[in-house]
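Here the structure comes first, spelled out in structure tokens, and everything after it is commentary.
So that the names make sense, note that chain A is the first sequence line, chain B the second, and so on, each numbered from 1.
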2 protein chains.
Amino acid sequence: MSNLQERLRERGWRLTAQRRVVAEVLTGDHVHLTADEVHTRASRQLPEISRATVYNTLNDLVALGEIREVGTNARAKRYDPNAHRPHHHLICTECGTIRDINPPITPAPTLTEAESLGFTITKTEITFRGLCPTCTSHPSTRAPSPSDA
Amino acid sequence: MSNLQERLRERGWRLTAQRRVVAEVLTGDHVHLTADEVHTRASRQLPEISRATVYNTLNDLVALGEIREVGTNARAKRYDPNAHRPHHHLICTECGTIRDINPPITPAPTLTEAESLGFTITKTEITFRGLCPTCTSHPSTRAPSPSDA
DNA sequence: CTGGCTGCAAAAGATTTGCATAACG
DNA sequence: CGTTATGCAAATCTTTTGCAGCCAG
């Protein structure tokens with residue numbers, strides 16, 4: 001975690017309280033928060049932090065490659081702090097829960113020359129969709145979303 | 001294409017002019033339009049069609065499994081008419097172009113019991129990201145987006 | 001006929017932007 | 001100190017909703 005702050009400083013980032021808090025909120029595995037959730041949690045440590053700053057910081061972190069946007073098909077983007085260890089996702093089609101799939105899994109699929117249609121591929125993301133354990137056992141009950149705790 | 005209309009009628013759909021036009025716009029391979037693009041194109045054939053109707057129709061078609069939302073990380077969702085033949089996507093990180101990867105490719109990755117964290121997986125989506133041929137050869141020039149022609 | 005669509009306009013939700021002030025280095 | 005980030009509020013963009021009238025079956 002301090003690694004991150006050092007890396008950012010090296011890249012010429014001003015280390016402000018709000019950036020520190022956002023970076024701190026975005027820590028751990030299976031963390032996939034929306035901008036609004038980040039803002040809510042950050043506010044607990046730094047009440048004056050503004051939404052705009054959260055958005056700015058998130059966008060900067062994405063640009064620096066420190067966090068990643070996760071495609072959920074839902075209205076709001078989610079951010080995944082685990083950008084340095086490439087990994088794939090499991091998404092529950094019922095309640096929206098997202099989980100990281102642990103490290104060195106599934107033989108990375110590759111494309112033939114013909115299949116890649118001239119693209120220079122740099123990243124491969126796999127998303128597995130289905131029912132999470134909770135939604136499997138309570139088919140009708142809507143599981144709570146993994147938002148703010 | 002008439003297959004689609006028949007299928008819809010069987011499922012109790014009223015076949016209106018606007019639904020027919022939306023379905024018609026969403027036809028072919030490598031078609032990944034935003035709702036707004038669908039509306040623009042549909043308007044060329046049916047000028048009075050409203051945005052709300054386009055959204056309603058798109059949501060209905062998704063619910064029926066006739067089209068699919070594509071996760072692009074961009075603001076607006078895109079819709080892929082090719083929902084019956086499962087396929088993966090190639091997305092250009094520079095200009096946003098999306099292309100379908102042809103049929104029976106890449107050995108479908110699977111998860112072990114441990115990796116799937118109790119999920120019952122029903123779909124696997126693979127997204128390859130990189131530079132499309134155009135953006136590879138014109139590194140600075142911004143390629144036009146594949147929107148309305 | 002009649003319930004399910006449509007269009008319009010307004011609402012809601014998510015993200016960005018402009019600008020004056022504050023604060024990091 | 002000078003730049004660069006912050007906060008606020010307003011602007012944008014995307015999608016949803018409420019409601020009266022219309023039309024496919």
Side-chain angles (χ1 to χ4, degrees), chain A residues 5-25 32-43 45-64 66-67 69-79 96 145 147-148, chain B residues 5-25 32-43 45-64 67-79 96 145 147-148:
Chain A
Q5 305 202 355
E6 278 174 31
R7 249 179 285 138
L8 295 176
R9 196 155 14 197
E10 280 169 23
R11 305 214 210 175
W13 247 44
R14 276 199 193 173
L15 214 13
T16 65
Q18 13 301 70
R19 285 176 170 181
R20 206 170 344 230
V21 172
V22 169
E24 203 169 306
V25 165
H32 311 96
L33 302 170
T34 62
D36 200 62
E37 287 163 355
V38 171
H39 178 249
T40 298
R41 296 186 178 199
S43 300
Q45 299 187 228
L46 194 68
E48 340 80 74
I49 193 172
S50 73
R51 242 175 223 73
T53 296
V54 170
Y55 276 107
N56 286 339
T57 304
L58 290 173
N59 286 338
D60 292 347
L61 287 170
V62 169
L64 290 174
E66 295 291 345
I67 64 178
E69 298 179 344
V70 183
T72 60
N73 285 9
R75 350 267 287 251
K77 290 177 190 165
R78 292 187 172 272
Y79 294 88
S145 83
S147 329
D148 320 68
Chain B
Q5 306 203 351
E6 278 174 32
R7 250 179 284 139
L8 295 177
R9 194 155 14 196
E10 281 168 22
R11 304 215 211 175
W13 248 44
R14 274 200 194 172
L15 215 11
T16 65
Q18 12 302 69
R19 287 177 170 180
R20 207 170 342 230
V21 171
V22 169
E24 204 168 305
V25 166
H32 311 96
L33 302 171
T34 63
D36 200 61
E37 288 164 356
V38 171
H39 178 248
T40 299
R41 296 186 180 200
S43 300
Q45 299 186 229
L46 193 67
E48 340 81 73
I49 193 172
S50 73
R51 241 175 223 73
T53 296
V54 169
Y55 276 106
N56 286 339
T57 305
L58 290 174
N59 286 336
D60 292 347
L61 287 170
V62 169
L64 291 174
I67 66 178
R68 230 157 57 184
E69 297 178 345
V70 183
T72 60
N73 287 9
R75 346 243 319 207
K77 288 178 191 164
R78 291 188 172 272
Y79 295 89
S145 83
S147 330
D148 319 68

Which of A:V70, A:V25, A:N59 passes side-chain contact (heavy atoms from CB on, under 4.5 Å) with A:Y79? Answer is A:N59
When rounded to whole Å, the CZ to C1' distance for the pair B:R51 and C:dG7 reads 12 Å
Indicate whether OP1 or OP2 belonging to D:dT16 is found under 4.0 Å from a side-chain N or O atom of B:Y55.
no
A:E69 CD to C:dA14 C1', in whole Å, measures 13 Å
Interatomic distance, CD@A:E69 vs CG@A:L58, rounded to 0.5 Å, equals 9.0 Å
dist B:T72:OG1 -> B:K77:NZ (nearest 0.5 Å) comes out at 10.5 Å
Taken to the nearest whole Å, CG/B:N56 to C1'/D:dT14 is 14 Å
Check your understanding: Counting just side-chain N and O atoms, does A:Q18 come under 4.0 Å of either OP1 or OP2 of D:dG7?
Key -> yes
Using OP1 and OP2 only, check whether a side-chain N or O of A:R19 sits under 4.0 Å from D:dA5. yes
Note: B:S43 and B:I49 closest approach over all heavy atoms is OG-CG2, 3.8 Å
Rounded to whole Å, CG of B:L61 lies from P of C:dC5 at a distance of 12 Å
Contacts of A:L15 and B:T16 projected onto DNA chain C by closest heavy atom; the upstream (5') one is B:T16
Per nearest nucleotide of DNA chain D, the residue lying toward the 5' end, B:N59 or A:E48, is A:E48
Whole-Å distance, A:L58 CG to C:dT16 C1', equals 13 Å
Distance col, row B:T57:OG1 vs B:H39:NE2, nearest 0.5 angstrom, shows 11.0 Å
Walking DNA chain C from its 5' end, the first of B:V54 and A:A76 to be reached, judged by nearest nucleotide, is B:V54
| Does a nitrogen or oxygen in the side chain of A:T53 sit under 4.0 Å from OP1 or OP2 of D:dA5? | no
In whole angstroms, the gap separating C1' of D:dC13 from CZ of A:R75 amounts to 13 Å
With the side chain defined as heavy atoms from C-beta on, A:S50 is closest, among C:dG25, D:dG7, D:dT16, to D:dG7
Item checked: Polar side-chain contact B:R14-C:dG4 base: donor and acceptor under 3.5 Å -> yes
Here the distance between atom P of C:dT16 and atom CG of A:D60, to the nearest Å, is 11 Å
Note: for B:W13 and B:A52 on DNA chain D, the residue whose nearest nucleotide lies more 5' is B:A52
note: B:R20, atom CZ; C:dC5, atom C1'; distance rounded to Å ~ 13 Å
